[in-house]
Engineer: 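I'd like to ask some things about the structure below.
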Amino acid sequence: ETGAKRVFVAGDDAETARMMADFCMDKGMQPLFDEGEGRTSKDNSALMTLTHKVNVTQYALDAIANVELLARAHHLVGTFGSHFTRMAHEVSFTRGGYRTPPVTLDVHWFVNP
């Protein structure tokens with residue numbers, strides 16, 4: 001039991017992120033999840049990059065806000081192959097770290113970065 005009440009859910013696969021948000025709700029936690037975020041879909045992200053139909057300033061600000069939210073969390077579960085997770089982990093570490101050790105979904109990176 002971690003005492004977590006709110007969970008920031010994000011990723012580049014919309015279906016997986018939605019499933020995680022639903023799981024959180026089933027466990028009585030509030031998921032913080034933005035289905036409209038461009039990064040939530042690999043296809044959307046690639047299309048926006050190729051067609052330049054994206055407000056790059058807003059895209060960057062959203063990314064910075066997401067890293068800051070993750071860095072301020074009390075607990076972290078993520079993939080360390082993700083730049084967001086790694087950056088949030090490093091920022092959190094400089095501030096004293098998370099309340100519990102971070103949990104990685106890709107053990108090989110965490111063991112031997």
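Heads up: numbering here begins at 1 and tracks the sequence.
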Engineer: Quick one: list whatever passes side-chain contact (heavy atoms from CB on, under 4.5 Å) with Phe93, sequence neighbours left out.
Structural biologist: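 side-chain contact (heavy atoms from CB on, under 4.5 Å) list for Phe93, sorted by chain: empty.
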Engineer: Once side-chain contact (heavy atoms from CB on, under 4.5 Å) is applied, do any residues pair with Leu61, and if so which ones, sequence neighbours excluded?
Structural biologist: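 If we apply the side-chain contact (heavy atoms from CB on, under 4.5 Å) test to Leu61, skipping adjacent residues, the hits are Thr57, Gln58.
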Engineer: Going by the side chain to side chain contact (heavy atoms under 4.5 Å, CB included) test, name the single residue among Met20, Met19, Arg18 that passes it with Asp22.
Structural biologist: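 With Asp22 as partner, side chain to side chain contact (heavy atoms under 4.5 Å, CB included) holds for just one option, Arg18.
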Engineer: Would a 4.5 Å heavy-atom cut-off, applied to side chains only, mark His75 and Arg99 as touching?
Structural biologist: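 His75 reaches Arg99 side chain to side chain.
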Engineer: So which heavy atom on Val91 is nearest to which on Thr94, and how close?
Structural biologist: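 Residues Val91 and Thr94, closest heavy atoms: O-OG1, 2.6 Å.
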Engineer: Please enumerate all residues that pass side-chain hydrogen bond (donor to acceptor under 3.5 Å, both in side chains) together with Glu68, with sequence neighbours excluded.
Structural biologist: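 Glu68: side-chain hydrogen bond (donor to acceptor under 3.5 Å, both in side chains) contacts with Arg72, Arg95.
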Engineer: Could you walk me through whether Arg86 and His83 pass the side chain to side chain donor-acceptor pair (under 3.5 Å) check?
Structural biologist: CA-CA 5 Å; Arg86 286 196 321 262; His83 297 300; 2.6 Å; yes
Engineer: Looking only at heavy atoms, which two atoms of Ala71 and Ser92 are closest? And how far apart?
Structural biologist: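 What the structure gives for the nearest pair is O-CB, 3.5 Å.
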Engineer: Give, for atom CE of Met87 and atom CD1 of Ile64, the distance between the pair rounded to the nearest 0.5 Å.
Structural biologist: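 Spacing of CE (Met87) from CD1 (Ile64) equals 9.0 Å.
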Engineer: For a quick test of reading the model, state the closest non-hydrogen atom pair linking Leu70 to Phe84 and the distance between them.
Structural biologist: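 Looking at all heavy atoms of both residues, the shortest contact is CD1-O, 4.2 Å.
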Engineer: Within the distance-only criterion (no hydrogens, no angle test), does the side chain of Thr85 pair as donor or acceptor with the backbone N or O of Thr79 below 3.5 angstrom?
Structural biologist: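 Such a contact is found between Thr85 side chain and Thr79 backbone.
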Engineer: For residues Cys24 and Gln30, determine if any side-chain heavy atom of one lies less than 4.5 Å from a side-chain heavy atom of the other.
Structural biologist: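 Counting from C-beta outward, Cys24 and Gln30 never come under 4.5 Å.
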